[in-house]
Amino acid sequence: MTLTVTDLRAAIARLATAMEREFDALNAADGALGDGDLGVTMKRGASAMADLAPDLPDDLGQALLACAQAFTKTSGSSYGTLMATGLMSMAKTLRGHTSVDPAQISALIGGARDAMQTRGKADLGGKTVLDSLDAMAKATADLTSREAIATAVAEAAAAAQLALRDKPATIGRARIFGEKTIGMDDPGMLAMTSIAAAIADRG
Amino acid sequence: MTLTVTDLRAAIARLATAMEREFDALNAADGALGDGDLGVTMKRGASAMADLAPDLPDDLGQALLACAQAFTKTSGSSYGTLMATGLMSMAKTLRGHTSVDPAQISALIGGARDAMQTRGKADLGGKTVLDSLDAMAKATADLTSREAIATAVAEAAAAAQLALRDKPATIGRARIFGEKTIGMDDPGMLAMTSIAAAIADRG
Amino acid sequence: MKKILNNPVDYVDEMLAGLTAAHPEFYRLAGDTGRVVARAMPGKPGKVGIVTGGGSGHLPVFTGYVGPGLLDACAIGDVFASPSAEQMADALRAADSGAGVLRLYGNYGGDIMNFDMAGELVEFEDITCTTVILADDIASAPPAEAAKRRGVAGMVYAFKIAGAAAEAGLDLDGVTRVAQKAADASRSVGAALSSCIVPQAGKPTFDIAEDEMEMGMGIHGEPGVWRDKLRPADAIASEMMDRLLADMPLAAGDRVSILVNSLGATPPEELYILYRIVKTRLDAAGAEVVMPLVGRYATSMEMAGVSFTLIKLDAELETYLKAPCDCAFWSVK
Amino acid sequence: MKKILNNPVDYVDEMLAGLTAAHPEFYRLAGDTGRVVARAMPGKPGKVGIVTGGGSGHLPVFTGYVGPGLLDACAIGDVFASPSAEQMADALRAADSGAGVLRLYGNYGGDIMNFDMAGELVEFEDITCTTVILADDIASAPPAEAAKRRGVAGMVYAFKIAGAAAEAGLDLDGVTRVAQKAADASRSVGAALSSCIVPQAGKPTFDIAEDEMEMGMGIHGEPGVWRDKLRPADAIASEMMDRLLADMPLAAGDRVSILVNSLGATPPEELYILYRIVKTRLDAAGAEVVMPLVGRYATSMEMAGVSFTLIKLDAELETYLKAPCDCAFWSVK
Ligand SMILES: Nc1ncnc2c1ncn2[C@@H]1O[C@H](COP(=O)(O)OP(=O)(O)O)[C@@H](O)[C@H]1O
Ligand SMILES: Nc1ncnc2c1ncn2[C@@H]1O[C@H](COP(=O)(O)OP(=O)(O)O)[C@@H](O)[C@H]1O
Ligand SMILES: [Mg+2]
Ligand SMILES: [Mg+2]
Ligand SMILES: [Mg+2]
Ligand SMILES: [Mg+2]
């Protein structure tokens, strides 16, 4: 059973609801060491995607390109730009396709991770959203069933968040706090845990 | 018994002590409707006079000119400039004299009042230091004994302050508060009550 | 107390030491009172001198506007306090090059008495002085008592225009006439949001709640026309324009300039938000806006708030307004 | 909340509306994102373009420095937030006259990613871009990690110098080289006394007690090197100079400029008090101070505090620093 733009629309709807709900929590998490705009970025981006959803074309490449632009148009913050970069990478891969086999998901996530790493020049293991994506790509590498993949994606994001918690931040505004960030979740990883749960419908 | 520079020195010493003591009270009175610097003006001026006192010449005109300059040098506030103006007027009258008959006091005060009125362009009855001086000049008009004059000066200043209390301010920063100033002492009159009491040794 | 200072009694002297050290091309200390700033390069011989003076704490007013096309000398008092007559006399001496000196300053009792006294002192030295007193703050007295109004940011226009007239070679009467015309054509109104702290006082000059503002408050915290909850920017700008235009109605075709001025802490971002309404209102009146000024031209240290100054221009005033000038705070090419 | 504003979400757009209405001779909106300001009069054909961008709330940085001898276009984000890649691409388009565009901006993650993405977008339109990133805040990383430092007021010197180089006709490589040299020669350090309020946040960005200050705090409230009781002005200035001179030692005969900058609410009076010490220290080091800047050149709205930026000049940098420039906030003749 392949995934189509219908699945994308449903995922966007769940994401928009989740980001509305997590608005304050994400702002607060980002505000602890950063500028407190992560909830704003995600809520704006997700709701811009939701606005586009009814009109998304069947071509998944085109559809994901529009999703990427929902972020570049509504936000200039790091996370929004990284989200756009990741979505653009998936869009390039899926250009001309109206459906995608769940078995491709791992490669799509890995491609997004790589594109985002090129954009942001952060290292893996640096306690950023890259580590969430890396864990999600790896956890889904050998899976083919939609349901198993959904579960793995959600669990991997949450597990990565936990696994990196006790490292110090190495990137962005939080970096400067160094050791103080040990034991604190990276807000971008926290956001990805919510995003993954919402998209995978494991919220 | 005439007055000489020795009496002036003693009066200055009493004035400096009184202005030190009234510093906060005068600032507070001025601060209620104005800029709160009246204590500063008087303390600085009086202590500058006290610094000059040992070196004051016998010529009362020259001595009072030096006192006037103690104010022009230490202050640009209205009251300081008015004090300087009044002292200068007395200095002009007494130039070349080493003593003054107490009977002249009334005319000296009246002369100061007039010079200050020319300088500040305020009307008599306007609830300013001019009204204190006017009352002091009138109360001493027919007196000749030093002790009687001293008592009259101190009492007239206090009485004028009380008499004008229930009029509205007409001059300076306080004017703008209009009716609200009814019942409040004019800070310049309050200061003159202390000045008169100190100089007259009726404190 | 969120001020960067040393001993409060040294505030003004240290400020002047830094000002003259930073901008020796514009400013030098003159006389021996330590409180007179004069042009580093004196004006042309025979140029009419222009002197101002007043309390510290209003930079660029007063001292900052000493420079070519502006003022020749300034006497500086303590924060919010008049300079002394001695200091003013020194400023008059520094500014005179034989053509006489215009005393151009704000309507405050102490300043008037001291400038009068200073003028009497230098009269003995054959320095001729004239006087123009700025009284532009419409909130401080009704039109019938306009002469009692406080002088506020209107002096920026008066300094600029009189300075250009002097630079253009007008004689003392001419410069005085032009300055008086600029003063008569200016109206200001301000609104304060928070107090500043006079260094030697060490506490806020006035108290105002976190969510309040005061319309018409003076630059030293003198009372205004109302105090109420903070209003939206557009409502504040509209009311201020209402008040200015009621006091000095404009006709279609009038040429005006307007100064949207921060009292200190209010950032330029907020001034520009206000300027939208200012421009709309002047456009609606049919007035042509010439050289609008937006920024910190006349302040009260770190006070939050704004003032608007409207000046109605005739051809002469407009020419002098646009003429070149230069100082560390303002440069017109 | 002591700000003059309407709906906080309109803050930046209203600010830009007012800015362009007040100074149409300098600024115009370009592109269709509503967030790009370009020169009203484009530079000479063939001139290299210079673009910057960043969050709002720092006026004159960034938008204010668009003008002759300075920048060609600027992309403006929300308060303290990067503009989007789309907006930056529009700014690059507005600035290009065929000779390529230098992207000159501060070292913030979001800005870098977005400027990179914007560059990739306009590459398709044959616009060649180079990049110089300002990383002048010595408090934000040790010398060994200098590339991780935040960009702060040092960009004022970089804008001025690169702008003059472009005006002088250097090609893209030349302008880029000069800008990089200016960036490499600049060091800044700041001290914050009070927070500002981001309009959409509605509350102070950080808390700091009434009698505290923080040395090295960033312009968005990022943590500094110490927080302690407020110190006297001379002690603050001395420590800031110690830190700057330790990071970039000076030799006798070095020519430098220094910017003594208010973060917003701190009045010029206090800057001049600090400048006394700055000048004394530079004199003591045997350095020659060229064109010192004292004022509000890079702010955080109504934040109280100061920053110092020291730049070591060679003959080329000095020539470009002194070259003419013009904008609503700064004019060099
Ligand atoms: N260069 C980068 N590489 C990877 N992830 C990054 C990078 N910069 C930021 N992030 C992620 O983005 C999150 C912060 O996003 P955001 O709040 O948008 O940043 P800002 O507001 O500082 O631009 C971080 O928690 C981190 O997960
Ligand atoms: N023009 C004037 N004529 C007479 N008295 C005046 C005048 N102006 C001020 N005063 C007197 O001076 C007092 C205020 O003095 P001061 O505090 O020095 O004023 P400011 O600080 O406003 O210059 C008033 O209470 C009043 O008695
Ligand atoms: Mg953030
Ligand atoms: Mg951000
Ligand atoms: Mg007073
Ligand atoms: Mg006073």
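Proteins come first, then strands; the chains are lettered A, B, ... in the order of their sequence lines, and each starts at number 1.
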For chain C, the option from D:A22, D:A265, D:S331 that forms the most heavy-atom pairs under 4.5 Å: D:A22
is_close_aromatic(D:H23, C:Y275), centroid dist under 6.0 Å: no
Contact origin within C:V332 toward chain D - heavy atom pairs under 4.5 Å: backbone
CG on C:L16 to CD on D:E269, rounded to 0.5 Å: 9.5 Å
Student check: side-chain heavy atoms of C:I208 and D:K2 closer than 4.5 Å: yes
Spacing of CG belonging to D:D234 relative to CG belonging to C:L5, to within rounding of 0.5 Å: 10.0 Å
Chain D contact via C:Y11 - which portion, at a heavy-atom distance below 4.5 Å: both
When C:D326, C:V306, C:D10, C:N7 are compared by non-hydrogen pairs under 4.5 Å with chain D, the top option: C:D326
Interatomic spacing from OG1 in D:T20 to CZ in C:R276 - rounded to 0.5 Å: 10.5 Å
Which portion of C:E25 sits near chain D, non-hydrogen atoms under 4.5 angstrom: neither
Most contacts with chain D, counted as non-hydrogen pairs under 4.5 angstrom, among C:A17, C:P292, C:A21: C:A21
Nearest-0.5 Å distance that lies between atom NZ in D:K3 and atom CG in C:L230: 11.5 Å
C:N6 side-chain N/O to D:A233 backbone N/O, donor-acceptor pair under 3.5 Å: yes
Residue selection (most heavy-atom pairs with chain C, distance under 4.5 Å) from D:E270, D:M303, D:E302: D:E270
Atom CG of C:D207: over 12 foreign heavy atoms under 6.0 Å: no
Options D:G57, D:G295, D:A304, ranked by heavy-atom pairs under 4.5 Å with chain C, top entry: D:G57
Under 4.5 Å from a heavy atom of chain D, the part of C:A192 involved: neither
Which portion of C:I236 sits near chain D, non-hydrogen atoms under 4.5 angstrom: side chain
Test item: D:I273 and C:I4 side chains (from C-beta on) under 4.5 Å apart, heavy atoms: no
When D:R296, D:K279, D:M213, D:M301 are compared by non-hydrogen pairs under 4.5 Å with chain C, the top option: D:R296
